[in-house]
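What follows is a short report on a single structure.
Since this is a predicted model, take the numbers as computed values, not measurements.
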Amino acid sequence: MALAPANGARAAATPGDDAPADLRIFVFILFFVFGGITSLNDVLIPKLKDLFVLSDFEAMLIQSAFFSAYFLISIPAAGLVRKFGYMRTAVIGLLTMTAGCLFFIPAASSGLFVTFLGALFVLAAGITIVQVVANPLISLLGKPQTAHSRLTFAQAFNSLGTTIFPIVGASLILGALATVDPSALSGDALTAYRAEEARVVTQTYIGLAIALAIVAGAVWLRRNRLVEQPAPSGGLFKSFDLLRRPRFAFGTLGIFLYVGAEVAIGSYIVLYLTQNDVLGIDQVSAGHLVGLYWGGAMVGRFIGSGILRVFSPGKVLTTYALVNVLLLLVSANTAGTVAGYSLLAIGLFNSIMFPTIFSLASEGLGTRAAEGSGLLATAIVGGAIVPPLAGLVSDASSIRMAFIVPAICYLGIAAFGWYARRPHTEVDMAEVPVQI
């Protein structure tokens, strides 16, 4: 799968220690873009919840539609990387994201909740493709010994996007909800209100579509800047045999649990902070505070990239996961400012989790890195499953009680961190025979 440089272009580079800076910058941009768009779901949930009068469980189907794409698209995305290479596959992903944003136009025209779910699925399909590219690529662009730190640093740009987008999105998407109560409307007035609010959502995503098309064009111009090692041939689902490696299998579960916990908490921030016994603020103000949750992850990742150079990544992961369990317990059993900001503080300790789990699970994969990335990305479907589970608990009891669901997830992550606290060995990489 080696790629020759385009005529007149600088010589293409091989992944490794001498990887060119411009390729790293492009990967950082990819992390920023797909992170920011994903975090917009946190402000889209209260918007559509009020617009279509949804229960907590129904509102969490927004995350299910979005993150189910990871389950369905990740393995095919790894196949695209094998066929077209990292850079060209990134372009395919960005253009798919552009199409998903544009699908918000017919979704708004239909006035149906299910059509918004369809648009979100297409958008997430593109993000899945980009993420399957970005995670292993940034690991390849440098020394193997510093892959944990480098991926964490790249994820900091992901968090920069997740910090900025909800703040802007809260003003653009949630603004009108502060002045109109849809439950007080009926008939033509309710229809007109829904049409206007859907138009606001559509305008936001059209703007994103334009930006994504520009980024896709920039990546396309750099498509020949990388010479890649040929990936081993195999069927579409051949990567599943990687699950016979204990370390990789446990890491895949860790990704499932982490994304599920992170998304469940992010999805509830606006709904939780507006409660009278927490902060009692309006939805726009709560939407702005979502930026603190994701901003904590951004700050934590910049700091964490240094910490992971000094301390065992597995031990750091275990410590952070246990701190988050403690913060959830504090939030669920207190009120007011303590309850609100202890929940927001979880973002700080989420910071190193995804990149650390990913890199710990991927150690030793070599030329099968793209396959491993596709399978690990499949586990991001945790974001589609865990939030609705929390929604069921919330509908049956309360949001506070629903926090037990992400708490269990963090305990599982702590266990993986302790399991993977030492560098991988041949035993970790050995495949467990399948018993028939």
Side-chain angles (χ1 to χ4, degrees), residues 31 34-35 38-39 63-64 66-75 77-78 124 127-139 147-148 151-152 154-155 158-159 162 239-240 242-266 297 301 304 308 313-314 316-318 320-321 324 346-347 349-365 368-387 389 405-421 424 428:
F31 275 98
F34 72 70
T38 299
S39 68
Q63 301 290 26
S64 295
F66 192 90
F67 285 94
S68 62
Y70 284 93
F71 182 75
L72 297 173
I73 305 299
S74 294
I75 299 301
I127 291 176
T128 301
I129 296 170
V130 171
Q131 191 154 343
V132 169
V133 169
N135 286 313
L137 184 55
I138 196 63
S139 295
H148 303 292
L151 183 54
T152 298
Q155 286 280 344
N158 178 281
S159 295
T162 60
S239 59
F240 279 98
L242 292 174
L243 292 175
R244 295 164 63 187
R245 304 183 180 192
R247 187 186 184 96
F248 183 83
F250 202 171
T252 302
L253 175 62
I255 292 291
F256 177 93
L257 296 174
Y258 167 70
V259 176
E262 178 192 52
V263 172
I265 293 170
R301 281 170 176 166
L308 291 170
V316 174
L317 178 63
T318 296
Y320 277 35
N324 276 352
I346 289 173
F349 296 95
N350 275 343
S351 55
I352 59 93
M353 289 190 184
F354 185 93
T356 303
I357 296 170
F358 186 96
S359 55
L360 285 173
S362 300
E363 285 182 353
L365 293 186
R368 301 194 68 182
E371 291 179 72
S373 177
L375 199 54
L376 287 167
T378 300
I380 294 176
V381 73
I385 296 173
V386 175
L389 290 177
V405 177
I408 292 171
C409 292
Y410 285 123
L411 289 174
I413 294 166
F416 170 70
W418 190 251
Y419 174 86
R421 65 190 183 278
H424 80 278
D428 294 317

Sequence neighbours excluded, which residues qualify as ring-ring contact (aromatic ring centres under 6.0 Å, His included) partners of [X]?
X: Phe354; value: none
X: Tyr410; value: none
X: Phe66; value: none

I'd like to check the side-chain contact (heavy atoms from CB on, under 4.5 Å) partners of [X]; sequence neighbours left out, ordered by chain and number.
X: Phe71; answer: Thr378, Val381
X: Leu243; answer: Phe240, Phe248, Ala249, Thr252, Leu375
X: Ala407; answer: Leu328

- Item | Check: Thr38 and Ile127 side chains under 4.5 Å, non-hydrogen atoms | yes
- Is the closest side-chain heavy-atom distance between Ile413 and Ile357 below 4.5 Å? yes
Closest approach of [X] to [Y] (non-hydrogen atoms, all atoms of both residues):
X: Ile352; Y: Gly304; result: CG2-CA, 3.7 Å
X: Val386; Y: Ala264; result: CG1-CB, 4.2 Å
X: Ala420; Y: Leu360; result: O-CD2, 3.8 Å
X: Gly383; Y: Gln63; result: O-CB, 3.5 Å
X: Ala134; Y: Phe34; result: CB-CE2, 4.1 Å
X: Thr318; Y: Gly417; result: OG1-C, 3.2 Å

For residues 255-262, run the donor-acceptor check on the side chains, cut-off 3.5 Å, and write out each pair with its distance to 0.1 Å, sequence neighbours left out.
residue	atom	partner	partner atom	Å
Tyr258	OH	Glu262	OE2	2.6

About how many Å separate [atom2] of [Y] and [atom1] of [X], when rounded to the nearest 0.5 Å?
X: Ser351; Y: Asn158; atom1: OG; atom2: CG; result: 12.0 Å
X: Ile346; Y: Met353; atom1: CD1; atom2: CE; result: 9.0 Å
X: Phe67; Y: Ile380; atom1: CZ; atom2: CD1; result: 7.5 Å

- Message: Please enumerate all residues that pass side chain to side chain donor-acceptor pair (under 3.5 Å) together with Tyr320, with sequence neighbours excluded.
- Response: none
- Go through the steps to decide whether Leu317 and Phe416 satisfy the test side-chain contact (heavy atoms from CB on, under 4.5 Å), and finish with yes or no. CA-CA 8 Å; Leu317 178 63; Phe416 170 70; 3.8 Å; yes
